[in-house]
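Heads up, the thing below is written out as structure tokens.
Because the structure is a prediction, the values reported are computed rather than measured. Order of the sequence lines sets the chain letters (A, B, ...), proteins ahead of strands, with each chain counted from 1.
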Amino acid sequence: MNRAIALIDVNNFYASCERVFNPKLNGQPVVVLSNNDGCAIARSAEAKALGIKMGEPWFKLKDIARQHGIIAMSSNYALYADMSNRVMAILSKFSPDQEVYSIDESFLDLTGMPGRHLDIAQEMRGRIRQETGLPVCVGIGPSKTLAKLANHAAKKGYAPDGVCDFNGFNERDLETLLAGIEIGEVWGIGRRLVPRLNGLGIKSVLDLKRADPEHMRQQFSVVMEKTVRELRGQACIELKEVAPPKKQIISSRSFGFPVTDLDSLSEAVSLYVSRAAEKLRRQESYAALLHVFIHTSPFGDGPKYSGSLSVKLPAPTDDSLQLVRVAMWILRQIYRPGFRYQKAGVMLSEITPAGGQQTDMFGFRPADDRSARRMVAMDAINGRWGKQTIRAASQGYKAPWAMRQGNLSPSYTTRWDEVLLVD
DNA sequence: TCTGGGGTCCTAGGACCC
DNA sequence: TCTGGGGTCCTAGGACCC
């Protein structure tokens with residue numbers, strides 16, 4: 001039996017979330033900006049129609065924004081994460097096999113489900129719209145790559161009502177459709193590969209589908225071979241139903257203003273390490289390698305510097321305080337005075353599951369169990385009383401470098417004091 | 001003045017070993 | 001002067017994704 005994999009994706013997710021709680025934004029061109037209000041990372045359909053590109057710096061858009069009355073919102077990740085959870089929970093009712101692929105996308109395996117898949121997809125759309133207010137599109141196909149492509153087709157209006165099921169197409173119609181889509185739209189074909197493929201005469205998705213998988217593997221890599229096979233309807237990429245633990249954890253931010261002194265950098269790095277360590281403990285892992293980096297802005301004429309260093313830890317750990325200590329040491333090694341730093345960050349890697357390390361023959365951790373108990377207490381207190389209630393002293397309290405958020409929407413769904421009241 | 005953040009996988013090439 | 005061949009492991013960097 002043909003596989004039927006669905007890809008459900010919220011239209012203009014961040015912009016749509018803002019609209020749910022602020023209907024004045026409906027029909028208006030809306031963009032959501034990245035941290036520091038740096039770049040446009042989400043656009044409503046109206047903003048896209050004005051030619052606003054993904055990732056475009058906001059300061060370059062101010063003129064066109066004024067002309068057309070574009071509304072810019074600072075990103076509100078607490079709100080988007082909460083809305084995402086609601087959408088995913090609704091979708092999970094439609095199939096036992098779900099992969100939450102990103103904050104606004106989910107694969108569902110519908111293979112063998114009774115009833116027309118088009119109807120099931122419409123029911124998903126209806127329930128999500130009704131229960132969250134968010135608009136979604138659904139693409140269905142025999143492989144993940146084709147499901148993604150079907151979703152694209154639905155969004156572009158190749159199929160009616162926001163749903164497209166490639167399994168319901170006959171071969172000729174499907175090929176006609178694929179012949180009209182550029183290869184850059186295919187999942188896994190990015191900026192660099194498009195010109196190389198074009199050079200081989202492969203321009204449309206249909207061309208790529210008709211390429212020889214073996215040959216493509218030789219010319220490119222096994223990834224490309226899988227893409228070609230998936231386009232032919234052969235599922236090569238399985239659904240990942242349980243999210244595997246992260247192999248690396250990054251925490252980094254651009255500063256709201258250039259930072260020059262070691263003290264401020266120390267505060268920032270200390271905060272980032274603590275955040276990364278929290279994520280590490282949440283997935284019950286230890287890290288053995290800590291990497292810290294700082295750099296100046298890559299743009300402009302000012303003097304540029306980029307410093308980074310990795311340190312192998314004496315033993316894998318999940319202890320914020322130990323990690324902060326090492327990070328502070330690294331920072332002192334890579335810091336150079338006289339530069340205007342724009343960004344700092346840390347990365348934890350060589351991650352292994354907790355347990356196993358540092359246990360004696362009876363399965364107990366030796367004396368330094370205090371560290372583990374300290375972290376449990378710290379996470380519990382911060383969970384109860386709010387992030388950063390307890391923290392390393394090196395984090396400081398002022399954070400003058402913190403990011404700018406000029407137009408942040410309230411935390412409608414995650415803070416009692418900001419809940420939207422309707423009368 | 002102002003340019004995001006967080007991930008994964010694959011490959012090539014060097015180091016090292018026998 | 002002459003200087004093999006094959007295997008593994010590791011890392012940096014490139015490509016992609018949202």
Side-chain angles (χ1 to χ4, degrees), chain A residues 7-14 31-42 52-63 65 72-77 80-81 84 99-107 144-145 148 151-152 183-197 216-227 236-237 240 243-258 268 272 275-276 279-280 283 288-289 291 293 295-302 304 308 310 312 340 342-351 403-406:
Chain A
L7 187 269
I8 302 93
D9 161 321
V10 182
N11 306 348
N12 316 321
F13 181 53
Y14 296 170
V31 300
V32 176
L33 303 177
S34 62
N35 287 329
N36 275 321
D37 295 343
C39 300
I41 51 169
I52 310 288
K53 298 273 183 301
M54 172 73 178
E56 222 167 338
W58 175 236
F59 74 91
K60 289 186 181 171
L61 295 173
K62 287 205 171 139
D63 282 343
M73 306 295 295
S74 305
S75 38
N76 183 344
Y77 290 107
Y80 311 148
S84 173
E99 173 184 343
V100 176
Y101 176 66
S102 76
I103 192 161
D104 73 328
E105 283 174 75
S106 176
F107 288 104
K144 287 167 99 175
T145 304
K148 286 278 258 182
N151 187 286
H152 169 80
I183 44 171
E185 301 296 341
V186 175
W187 192 38
I189 307 297
R191 240 177 47 254
R192 302 297 178 106
L193 289 173
V194 169
R196 284 183 63 194
L197 286 162
M216 296 305 278
R217 181 188 191 132
Q218 284 159 22
Q219 292 284 310
F220 297 89
S221 76
V222 58
V223 180
M224 179 69 79
E225 180 191 1
K226 281 186 183 170
T227 299
C236 302
I237 310 171
K240 291 198 199 71
K246 303 276 182 245
K247 297 175 179 172
Q248 59 182 36
I249 292 173
I250 295 172
S251 176
S252 73
R253 281 284 179 283
S254 300
F255 302 127
F257 305 92
Y272 303 156
R275 282 211 275 250
K279 292 185 202 170
L280 187 66
Q283 69 166 30
L289 194 73
H291 181 85
F293 64 87
H295 61 72
T296 56
S297 171
F299 305 99
D301 303 328
K304 296 185 179 43
S308 74
S310 297
K312 181 97 179 181
R340 290 159 60 83
Q342 174 242 3
K343 184 173 181 177
V346 306
M347 183 168 82
L348 299 174
S349 48
E350 299 195 3
I351 291 176
M403 66 181 178
R404 297 182 306 267
Q405 292 182 306

Quick one: which protein N/O atoms are closer than 3.5 Å to N/O atoms of nucleotides 13-15 of chain C? Pair and distance per line, please.
unit_1, atom_1, unit_2, atom_2, d
C:dA15, OP2, A:R192, NH1, 3.0

**Asked** When every nucleotide of nucleotides 5-10 of chain B is labelled 5' to 3' by its protein contacts under 4.0 Å (heavy atoms), B for base, S for sugar-phosphate only, - for none, what sequence of letters results?
**Response** SSSBSS

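- Aromatic stacking of A:W58 on B:dC2: not satisfied for centres closer than 5.5 Å together with planes under 30 degrees.
- Applying the side-chain contact (heavy atoms from CB on, under 4.5 Å) criterion to A:R340, with sequence neighbours excluded, gives A:P258, A:T260.
- Remark: C1' of C:dC17 and CD1 of A:I41 are 15 Å apart, rounded to the nearest angstrom.
- Across all strands, A:I189 comes closer than 4.0 Å only to sugar-phosphate atoms, never to a base (heavy-atom distances).
- With sequence neighbours excluded, no residue satisfies side chain to side chain donor-acceptor pair (under 3.5 Å) with A:T227.
- Taking a pair as Watson-Crick or G-U with both hydrogen-bonding distances under 3.5 Å, the stems of three or more pairs touching DNA chain B are B:5-18 with C:5-18.
- A:D301 has its CG atom 14 Å from the P atom of B:dT3, to the nearest Å.
- Among the atoms of the strands shown, only primed sugar atoms or phosphate atoms (P, OP1, OP2) are found under 4.0 Å from some heavy atom of A:V186.
- Between A:R217 and A:K62, the one whose closest nucleotide on DNA chain B sits nearer the 5' end is A:K62.
- A:S74 pairs by the side chain to side chain donor-acceptor pair (under 3.5 Å) definition with A:D37, not counting sequence neighbours.
- Considering only residues two or more places apart in sequence or on other chains, A:K240 meets the side-chain contact (heavy atoms from CB on, under 4.5 Å) condition with A:E99, A:P244.
- Nucleic acid contact class of A:D37 (heavy atoms, under 4.0 Å, all strands): none.
- One can place CE of A:M224 at 8 Å from P of C:dC16, the figure rounded to the nearest angstrom.
- Partners of A:S310 according to the side chain to side chain donor-acceptor pair (under 3.5 Å) rule, which considers only residues two or more places apart in sequence or in another chain, are A:H291.
- When atom types are taken as modelled, the side chain of A:N151 and the backbone of A:L7 share a donor-acceptor pair closer than 3.5 angstrom.
- Side-chain atoms of A:S102 and A:D104 form a donor-acceptor pair, as typed in the model, at a separation below 3.5 Å.
- Take A:Q283 and apply the side chain to side chain donor-acceptor pair (under 3.5 Å) test, not counting sequence neighbours, and it matches A:S285.
- Scored by the salt bridge (Lys or Arg N to Asp or Glu O under 4.0 Å) test, A:E350 finds A:K312 as partners (sequence neighbours excluded).
- Remark: A:V223 pairs with A:S221 by the side-chain contact (heavy atoms from CB on, under 4.5 Å) rule, at least two apart or across chains.
- Rounded to an integer number of Å, the gap from CD of A:E185 to C1' of C:dC16 is 15 Å.
- Using bins of under 30°, 30° to 60° and over 60° for the plane-to-plane angle, the ring pair A:W187/A:F107 lands in the tilted bin.
- In terms of phosphate contacts, A:K148 brings no side-chain nitrogen or oxygen within less than 4.0 Å of OP1 or OP2 of C:dC16.
- Look at the C1' atom in both C:dG4 and B:dC17: the space between them is 14 Å, to the nearest Å.
- When rounded to the nearest whole Å, the span between CG of A:L7 and P of C:dC17 equals 13 Å.
- Residues passing the side-chain contact (heavy atoms from CB on, under 4.5 Å) test with A:S251, sequence neighbours excluded: A:Y272, A:R275, A:A276, A:V346.
- When rounded to the nearest whole Å, the span between NZ of A:K144 and P of C:dC16 equals 19 Å.
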